[in-house]
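What you see is a predicted model; the values in this text were computed from it and never measured. Chain identifiers are assigned alphabetically (A, B, ...) following the order of the sequence lines, protein sequences preceding nucleic acid strands; residue numbering begins at 1 within each chain.
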Amino acid sequence: MSKDMTIHLKYWKQAGPDVPGHFEEYTLDTVNEHMSFLEMLDVLNEELQLQGKEPVEFDYDCREGICGSCNLVINGQAHGPKAEVACCQLHMRNYKDGDKITIEPPRAAAFPIIKDLVVDRSAFDRIIEVGGYVSVKTGSAQEANALPVEKEKSDEAFEYAACIGCGACVAACPNASASLFTGAKLAHLNKFPQGEVERSNRAVAMVDQMKEEGFGDCSNFAECEAVCPKGISISAIAEMRRDYMKALVS
Amino acid sequence: MPSFIKAINSQVGRKIMTGITGIGLMLFLIGHIVGNLTIFGAPEAFNIYTKTLEDLGPLLYVIEAGLAFFFLYHTILGVSIWWNRRKARPEGYKKYQTKGGPSHQSLASKSMVYTGIIILVFLVIHIWTFKFGDTEMVKLASGEMARDLRALVIEKFTDPLYAFGYTFVLSLLILHLSHGFWSAFTSLSMKSKEASKKVQMGAYGFAIVIMLMFIFIPLYIYFTGGEGSLISY
Amino acid sequence: MKLDSKAPEGPLEEKWRKHKKEMKLVAPNNKRKYEVIVVGTGLAGGAAAASMAELGYNVKSFCIQDSARRAHSIAAQGGINAAKNYPNDGDSIWRLFYDTIKGGDYRSRESNVYRLAEVANEIIDQAVAQGVPFAREYGGLLANRSFGGAQVSRTFYARGQTGQQLLLGAYQAMMRQVNEGGIEYHPRHEMLDVVIIDGQARGIITRDLVSGELKRWEADAVVLATGGYGNVFYLSTNAKNSNVTAAWRAHKKGALFANPCYVQVHPTCIPVSGDYQSKLTLMSESLRNDGRVWVPRKKGDDRHPNDIPDEERFYYLEEKYPSFGNLVPRDVASRNAKIVCDEGLGVGPTGLSVYLDFRDVIKRDGKETVAAKYGNLFDMYENIAGENPYEQPMRIYPAVHYTMGGLWVDYNLMTNIPGLFATGEANFSDHGANRLGASALMQGLSDGYFVLPATIGNYLADVKPGTRYGTDHNAFIEAEKGAQDQIDKLLNVNGKRTIVDFHRTLGKIVWDNIGIARNKEDLEKAIKEIQELREEFWTNVYVPGEKNNYNKYLEFAGRVADFFELAELMARDALEREESCGCHLREEYQSEEGEAIRNDEDFSYVAAWEFKGVNGQLQEELHKENLEFEFVELKQRSYK
Ligand SMILES: Cc1cc2nc3c(=O)[nH]c(=O)nc-3n(C[C@H](O)[C@H](O)[C@H](O)COP(=O)(O)OP(=O)(O)OC[C@H]3O[C@@H](n4cnc5c(N)ncnc54)[C@H](O)[C@@H]3O)c2cc1C
Ligand code: HEM
Ligand code: FES
């Protein structure tokens, strides 16, 4: 069937947020094309442990491309070379025998490194905290079908709601901007009549929080869209700008 | 509702202002090149054009101040957005590459600040040369006296340093504009993918046409030694 | 120990209403004086934390992931049930209740299940108000689809990402409360023990997964919403961090663990491709609507599937179950896949998969039609398996998916330890011996949004406001020490086998013997093997790194240690239950045609186990809660 490949890995090691990191190298020669990228790292870690070396830490949970935990920057591309695929769903058949792969953590001041390839993305939580919701207490909702929503709008909202919060947009943006993440949440909620009431405050609060957290400005590079595992369009950012401007005049 | 000052300093506001100033500057470029092309018109057209501008008096100062403000504001925003990257990503990637596809990362978009700064430096020289440069006074057909800028332009552009210096700098416009034109509309919340595609095509077209028009003048004057048939005497 | 379900008396329809009327309330100004700990931020925990903070309680929320939004609920695909009866196809609360009870093969409590069906409608209202983008019809109203085990269309869905959208709704509600100060939020914290003072749950011990620091937290009530234990099998469709640790440590502190052997296996997953496999991916069951399941009739037939003519293909589901065919329920489909593979007819490099073939439907309806229906699933399959399902059959195999068992709770979702509540997949409450599709989301949210906020209030009304023992109390010190000792012990073994190696080996024992089909002999063998392997684990495991730092492997080591004990209990439970019911198939108790035989006479009970210690072997005492069926008639399932 499939024969093993040799892959030369170069991965980032860093003991903590405030200490300098460095690359380490390792050559794996039992890489199978059916392995996922993270399974390949599992194999690396097994080998490292058996040699009494420290394994490399990386974040993951679902391994199905939906929880948004994984967020490796592979050969300089967030989530690796395939479009609309999170790195936990990236398979080694996308590489060939003898390839060299460099793995770095997402790099951004707002995402301090915790260890190796694991970063702290709580800044995203705080952006949601200031307004990324509809303020509806449990129990106070009206009958679900009382308010029809155009199918088209609802489908469009879904496209934005699909964000998994992995932070690839920030990782890949030359400016480390969080505009796609923030824009996607705004665009999702503001498409619904339920989200309309808080529309302006939400836009202003979330946009301000991005800056507060130390993310960079958006320069319309659209690299975020290219790396987004859910293919969320930068039209989300346009929606965000519209909402923000509307807030100014409302 | 946020205050206006706060709003234009927000990340959205800053980007919208780059867009607005960028579009303003593009409009200026259009006006400027149309005026410049009068050098190929009737013998006096160019000098009449420049004189008309100078005769605006205080209004000209207002326009100039506005332009200066746009340039300045645009520059400050552009440079500060670029500068902030360092703060937002203190430690860069050892290896980085674009994923392509919908990405707009290109030589043009990545070099905005460099092309911009070169244009700015150029602008200073440009103003120094032409606005404050020495000129003879000529009598127009109407009997009025005017600075003979046309002669100055022809004189300067027969100098290879000027002619090719200008050509080089103005060629950079193609970079700045081929991304800038699209980016400005995107900053002003252009949403649809179809529009975006068209605007990007428009951006290429605009950048090429504007650049060609600008570099045509110095090159033509240089290669015809200032005596080409398009320039009427 | 006498187990009291505390289910209210009276007609089924009246029970919850009556109970709500009778429960005690906490005055608004007093609510602020109560601390409630919610461990877990999945649908159950997230909804509970947000709702209780909205009421005014001081909530402390904990989860393992770096954000509440990443709880395993995010991965649920198919949908959520509710008997709104929008399609006008004859649905009702009663029917949803009945389907759920029947689907669970009559091994759940009528009162709980009815409440679940009753509250479900409100979940949809709540979710829509939060902006959850459920699928809609062109008229702008909500759409429904049909799902396994029901004859009506009552499933609400948001493409294949229903769990994600519902969880984000709950997460956002939580974040709003974090912002307003109602919730103190602690991601990347793992609960390692509950603290019990005077018989009541009074707090927890956590490990800060970034700094490694152990911390003590005091509260008036503790809610465990820590999800299911499917990862005891090593390979499952669960997220990698899913675990039994919180529930198990509570069990070791006295909370009863109910029906541990009830584990659901999903029939359509992408098969294992090799030893390095770390988890299994679910393919939507809807594929069985059009795909035909088969294996070659001849053993070792290694021809390309497309070259095997029809007469040499064994369409085993269609042959064995002519009326349901490929659409038999999950357990039947899973079991038959295992049977044919055990007979050596399995396909693929490992021999552990069967074909799910779309050739005929593509011929009939055309590629476009099939792509419109299943395009994204086909793409996903191709991405993972590297084979194009338009051109050759998919290969599928069953995988562990959901655990019906969990901490025993009464009608108020409280365990036998006062003040300790359990909810969501972590408890055993609503699904009996088998869960129907789209009903786990329903359970998590109904418990979290609507049941717990009421029943916890009822409990707290009897706790003096402002009762504080202080985290210097001996019970806290001891609990922390216990957790610390275990960490030190794990780090000090310094053996030769990795944690993953042990976990994989354990998983294989559990899968082979306590998986799709069980029998006495295998179960007894499994208990032995588990004990031996556990012994080896504690003397030969290698845990890398340090304790006071981010150390994923140390986290896993602790979880695997708990799985080792749970696995033994699962086998014991399966051994004890000498009948076949729902997902629990005892090979000794099946008809000649291979149909499960339930024994209502002797086994119509919830098996609730009490921990007594581990000493080479696990010591547990069985308590039984008898299930009485006042409102439904018990029937044998048949899908022939
Ligand atoms: C692939 C897949 C698809 C599914 N599809 C559907 C579907 O379509 N419909 C349906 O109804 N059901 C479905 N299910 C089942 C359903 O998703 C789960 O049963 C349900 O989401 C469980 O929710 P929960 O809130 O109980 O727990 P989880 O969502 O698992 O959350 C557990 C939480 O507890 C935390 N936690 C765990 N242990 C600790 C600890 N020791 N300390 C601190 N925190 C801890 C975790 O961090 C997490 O926040 C599916 C399941 C899978 C695997
Ligand atoms: C004729 C003069 C100029 C024109 C027509 C022009 C036009 C534009 C336009 C249209 C944009 C896009 C705006 C947007 O993204 O919203 C832009 C961006 C930019 N301009 Fe200019 N510009 C000019 C001069 C300058 C100068 C003098 C600088 C000085 C540094 C400069 C630096 C930049 C930078 C850095 C950007 C990118 C901003 C970002 O990253 O978001 N430009 N320009
Ligand atoms: S691990 Fe969940 S998205 Fe990759």
Side-chain angles (χ1 to χ4, degrees), chain A residues 1 32-36 38-39 42-43 46 49-50 54-55 57 59-64 66-69 85 89 91 93 114-115 118 120-122 124-125 128-130 132-139 141-145 148-151 154 157-158 161-162 164-165 188-189 192 194-195, chain C residues 47 50-51 54 65-67 69-70 72 74-75 84 86 124-126 128-131 133 136-142 158-159 161 164-165 168 172-173 175-176 178-179 187 210 239-241 273-274 276-279 281 349 383-384 386 449-450 453 498 500-501 542 544-545 549-550 552-553:
Chain A
M1 266 285 288
N32 181 292
E33 58 166 340
H34 295 299
M35 282 177 186
S36 73
L38 301 191
E39 282 167 347
D42 289 343
V43 171
E46 291 296 292
Q49 288 181 68
L50 290 174
E54 201 186 289
E57 299 284 2
D59 236 332
Y60 56 85
D61 196 18
C62 73
R63 298 205 172 184
E64 274 188 27
I66 191 72
C67 74
S69 295
V85 165
Q89 294 276 69
H91 284 261
R93 72 179 69 89
I114 289 176
K115 192 164 183 227
V118 178
D120 175 357
R121 283 168 292 188
S122 54
F124 272 8
D125 279 339
I128 299 297
E129 224 179 86
V130 297
Y133 39 73
V134 176
S135 299
V136 51
K137 281 193 180 179
T138 302
Q142 62 176 343
E143 155 52 45
N145 258 350
V149 180
E150 255 174 84
K151 179 172 162 49
S154 160
F158 183 92
I164 60 173
H188 158 214
L189 293 175
F192 281 107
Q194 289 86 349
Chain C
S51 304
E54 284 164 6
Q65 294 81 2
D66 68 329
S67 167
R69 66 181 293 153
R70 305 196 207 286
H72 168 59
I74 201 93
K84 283 276 195 190
Y86 288 153
I124 306 302
D125 300 344
Q126 185 66 28
V128 166
Q130 290 168 342
R136 286 176 184 269
E137 311 277 2
Y138 280 100
L141 302 178
L142 295 169
R159 302 211 189 146
Q161 282 152 255
Q164 181 200 25
Q165 295 308 320
L168 291 180
Q172 287 163 199
M175 286 300 115
R176 183 165 86 95
V178 171
N179 192 39
V210 174
K240 293 296 285 177
N241 284 302
S273 64
Y276 46 79
Q277 187 98 18
S278 62
K279 79 152 293 182
T281 304
N383 181 43
I384 296 176
Y449 282 132
F450 301 107
T498 63
V500 172
D501 186 4
Y542 173 70
N549 201 340
Y550 187 91
K552 198 90 216 152
Y553 285 93

>> According to side-chain hydrogen bond (donor to acceptor under 3.5 Å, both in side chains), who are the partners of A/S154, at least two apart in sequence or on a separate chain?
In response: none
>> Using heavy-atom distances under 4.5 Å, tell me whether C/Q65 contacts chain A through its side chain, its backbone, both, or neither.
In response: side chain
> Less than 4.5 Å apart, any side-chain heavy atom of C/Q130 and any of A/Q194?
Replying inline: no
> Which bit of A/F192 is near chain C, if near means a heavy-atom gap under 4.5 Å: side chain, backbone, both or neither?
Replying inline: side chain
>> What part of A/R63 gets within 4.5 angstrom of chain C, counting heavy atoms only: side chain, backbone, both, or neither?
In response: both
> A/G132 and C/Q172: which non-hydrogen atoms are nearest, and at how many Å?
Replying inline: O-CG, 3.0 Å
> So, does A/D61 use its side chain to make a donor-acceptor pair with the main chain of C/N241 at under 3.5 Å?
Replying inline: yes
> At a heavy-atom separation under 4.5 Å, does C/E137 approach chain A through its side chain, its backbone, both, or neither?
Replying inline: backbone
> Pick from A/D120, A/D125, A/I128, A/L189: which one has the most heavy-atom pairs with chain C under 4.5 Å?
Replying inline: A/D125
> Going through the checks in order, is the side chain to side chain donor-acceptor pair (under 3.5 Å) test met by C/E54 and A/T138?
Replying inline: CA-CA 8 Å; C/E54 284 164 6; A/T138 302; 3.2 Å; yes
> What residue, out of A/E129, A/M35, A/E46, has the most heavy-atom pairs lying under 4.5 Å from chain C?
Replying inline: A/E129
> Roughly how far, to the nearest 0.5 Å, is NE2 of A/H91 from OG of C/S273?
Replying inline: 8.0 Å
>> Counting heavy-atom pairs closer than 4.5 Å to chain A, which one of C/G386, C/P187, C/A47 comes out on top?
In response: C/G386
> Should A/F124 and C/R69 count as side-chain neighbours, where that means a heavy-atom distance under 4.5 Å?
Replying inline: no
> Does any heavy atom of chain A fall under 4.5 Å from the side chain of C/L168, the backbone, both, or neither of them?
Replying inline: side chain
>> Can you tell me which portion of A/L38 sits under 4.5 Å from chain C's heavy atoms? Options are side chain, backbone, both or neither.
In response: neither
>> Using a 4.5 angstrom heavy-atom cutoff, name the option from A/E57, A/E54, A/Q142 with the most pairs to chain C.
In response: A/E57
> What part of A/Q89 gets closer than 4.5 Å to chain C, counting heavy atoms only: side chain, backbone, both or neither?
Replying inline: both
> Quick one: of A/G139, A/P55, A/C67, who has the most non-hydrogen atom pairs under 4.5 Å with chain C?
Replying inline: A/C67
> Quick one: what part of A/S36 sits under 4.5 Å from any heavy atom of chain C, side chain, backbone, both or neither?
Replying inline: neither
> What part of A/V136 is in contact with chain C, defined as an atom under 4.5 angstrom from a non-hydrogen atom: side chain, backbone, both or neither?
Replying inline: both
> At their closest point, which heavy atom of A/I66 faces which heavy atom of C/A75, and how far apart are they?
Replying inline: CG2-CA, 3.7 Å
> Is chain A contacted by the side chain of C/T281, its backbone, both, or neither, given a heavy-atom distance below 4.5 Å?
Replying inline: both
> Are there more than 12 heavy atoms of other residues, nucleotides or ligands under 6.0 Å from atom NZ of A/K137?
Replying inline: no
> Which atoms form the tightest heavy-atom contact between A/H188 and C/G131, and what is the distance?
Replying inline: NE2-O, 2.7 Å
> Do A/D42 and C/V500 come within less than 4.5 Å of each other through their side chains, counting heavy atoms only?
Replying inline: no
> Do C/Q161 and A/F158 have side chains that get closer than 4.5 Å, going by heavy atoms?
Replying inline: yes
>> Testing the basics here: between C/Y542 and A/Q49, what is the closest heavy-atom pair and its distance to 0.1 Å?
In response: CE2-O, 3.6 Å
> Looking only at heavy atoms, which two atoms of A/A144 and C/D125 are closest? And how far apart?
Replying inline: N-OD1, 2.8 Å
>> Tell me whether C/R70 contacts the main-chain N or O of A/Y60 through its side chain, where contact means a donor paired with an acceptor under 3.5 Å.
In response: no
> Where does A/S69 contact chain C at under 4.5 Å (heavy atoms): side chain, backbone, both or neither?
Replying inline: both
>> If you compare all heavy atoms of A/A162 against all heavy atoms of C/Q164, which two are closest, and at what distance to 0.1 Å?
In response: O-NE2, 3.0 Å
> Out of C/Y449, C/Y276, C/Y138, which one racks up the most heavy-atom pairs below 4.5 Å with chain A?
Replying inline: C/Y276
> Does a side-chain heavy-atom distance below 4.5 Å link C/K84 with A/E143?
Replying inline: yes
> At what distance, to the nearest 0.5 angstrom, does CZ of A/R93 lie from CD1 of C/I384?
Replying inline: 8.5 Å
> Any idea which of C/K552, C/R176, C/K240 has the most non-hydrogen atom pairs under 4.5 angstrom with chain A?
Replying inline: C/R176
>> Tell me which of these, C/P453, C/G139, C/A158, has more heavy-atom pairs under 4.5 Å with chain A than the rest.
In response: C/A158
> Quick one: salt bridge (charged side-chain N to carboxylate O under 4.0 Å, His left out) partners of A/R121, sequence neighbours excluded?
Replying inline: A/D59, C/D66
